[in-house]
Amino acid sequence: GEVIHDGVEVVDTRLAGITVTSVTNCYDVSLVAEAHARRAIQAENEGFDAIVLNCLLEPGLSACRELVSIPVVGDTGSALHMASLVSRRFSFLLPGSKKGVGSRMVRDIVRMYGFEGHVASFRVVGVPTLGFSKTPERYVIETMYREAVAAIEEDGAEAIIGYGGPDVFRELRPKLP
């Protein structure tokens, strides 16, 4: 694990026995949900204090919360709450190559958390989910920058919920208006 603060250690684990490499549809969500639930029980039994599901579509979040007594949070819920603390309206930058593809499930999650009135837009960055690790970083950053600026200037977003990783955001953040 990586110690990120005194007394706080983050351990990134992979799901055993699962062949899904990218969660992009309802079928993938159902396969990963069961694996997340099994891993949540294991994590609690191993003494972990909390669980973060590192997946935009939060597969199995409700099941995990039902099965363990430690806190379980998802990426999207966390991002929505943080965005609402710093802005009134925010936009999503989502992976994919076609407008609207993949955003339906994210829209459902936004609705579940009660933030649909705060979303300015859902924008697609033109890089498939697995492409973020295979596409040259410069292209990803430039594409995300274009879409983020458009979300701010055209859609009225005051904050951006992105997709990618810390390296992309460290470079992107200071360039945005």
### Message
I'd like to check the side chain to side chain contact (heavy atoms under 4.5 Å, CB included) partners of Ser30; sequence neighbours left out, ordered by chain and number.
### Response
Tyr27

#### Entry: Pairing residues for Arg38 by the side chain to side chain donor-acceptor pair (under 3.5 Å) criterion, not counting sequence neighbours
Glu34

### Sequence-distant partners of Thr76, side chain to side chain donor-acceptor pair (under 3.5 Å), two or more places apart
none

### Task
Sequence neighbours left out, what passes side chain to side chain contact (heavy atoms under 4.5 Å, CB included) with Asp75? Give chain and number order.
Val52, Asn54

### Query
Going only through I, L, V, M, F, W and Y residues with side-chain contacts under 4.5 Å, is there a path from Leu15 to Ile70?
yes

### Task
For residues 154-177, pull every pair meeting ring pair (Phe, Tyr, Trp, His ring centres under 6.0 Å), keeping only residues two or more places apart or in separate chains.
Phe132-Tyr163

### Task
Applying ring-ring contact (aromatic ring centres under 6.0 Å, His included), name anything that partners Phe92, two or more places apart in sequence or on another chain.
Phe122

### Query
Transitively linked via ILVMFWY side-chain contacts under 4.5 Å: Ile41 with Val72?
yes

### Task
With sequence neighbours left out, write down each residue that passes side chain to side chain donor-acceptor pair (under 3.5 Å) with Arg111, or none if nothing qualifies.
Asp108

### Message
Give me each pair satisfying salt bridge (Lys or Arg N to Asp or Glu O under 4.0 Å) with a member in residues 77-93, each pair once, sequence neighbours excluded.
### Response
Arg88-Glu158

Side-chain donor-acceptor pairs under 3.5 Å in residues 170-177, sequence neighbours left out?
from	atom 1	to	atom 2	distance (Å)
Arg170	NH2	Asp167	OD1	2.7
Glu171	OE1	Arg138	NH2	3.4
Glu171	OE2	Arg138	NH1	3.0
Glu171	OE2	Arg138	NH2	2.5
Glu171	OE2	Lys175	NZ	3.2

### Query
Can you get from Ile141 to Tyr139 by hopping between Ile, Leu, Val, Met, Phe, Trp and Tyr side chains that sit under 4.5 Å apart?
yes

### Query
With side chains defined as the heavy atoms from C-beta onward, is the minimum distance between Ser91 and Ile160 less than 4.5 Å?
yes

### Qualifying salt bridge (Lys or Arg N to Asp or Glu O under 4.0 Å) pairs with a residue from residues 39-64, counting only residues at least two apart or across chains
Arg39-Glu46

### Task
Establish whether Val73 and Val106 are linked, either directly or via other cluster members, by ILVMFWY side-chain heavy-atom contacts under 4.5 Å.
no

### Query
Rounded to the nearest 0.5 Å, what separation is found between the CG atom of Leu93 and the OG1 atom of Thr143?
10.5 Å

### Query
Taking only residues two or more places apart in sequence, or in another chain, which ones meet Glu154 in a side chain to side chain donor-acceptor pair (under 3.5 Å)?
Arg123

### Message
Give me each pair satisfying ring pair (Phe, Tyr, Trp, His ring centres under 6.0 Å) with a member in residues 35-85, each pair once, sequence neighbours excluded.
### Response
His81-Tyr113, His81-Phe115

### Summary
d(Asn25 CG, Leu57 CG) to nearest 0.5 Å is 9.0 Å

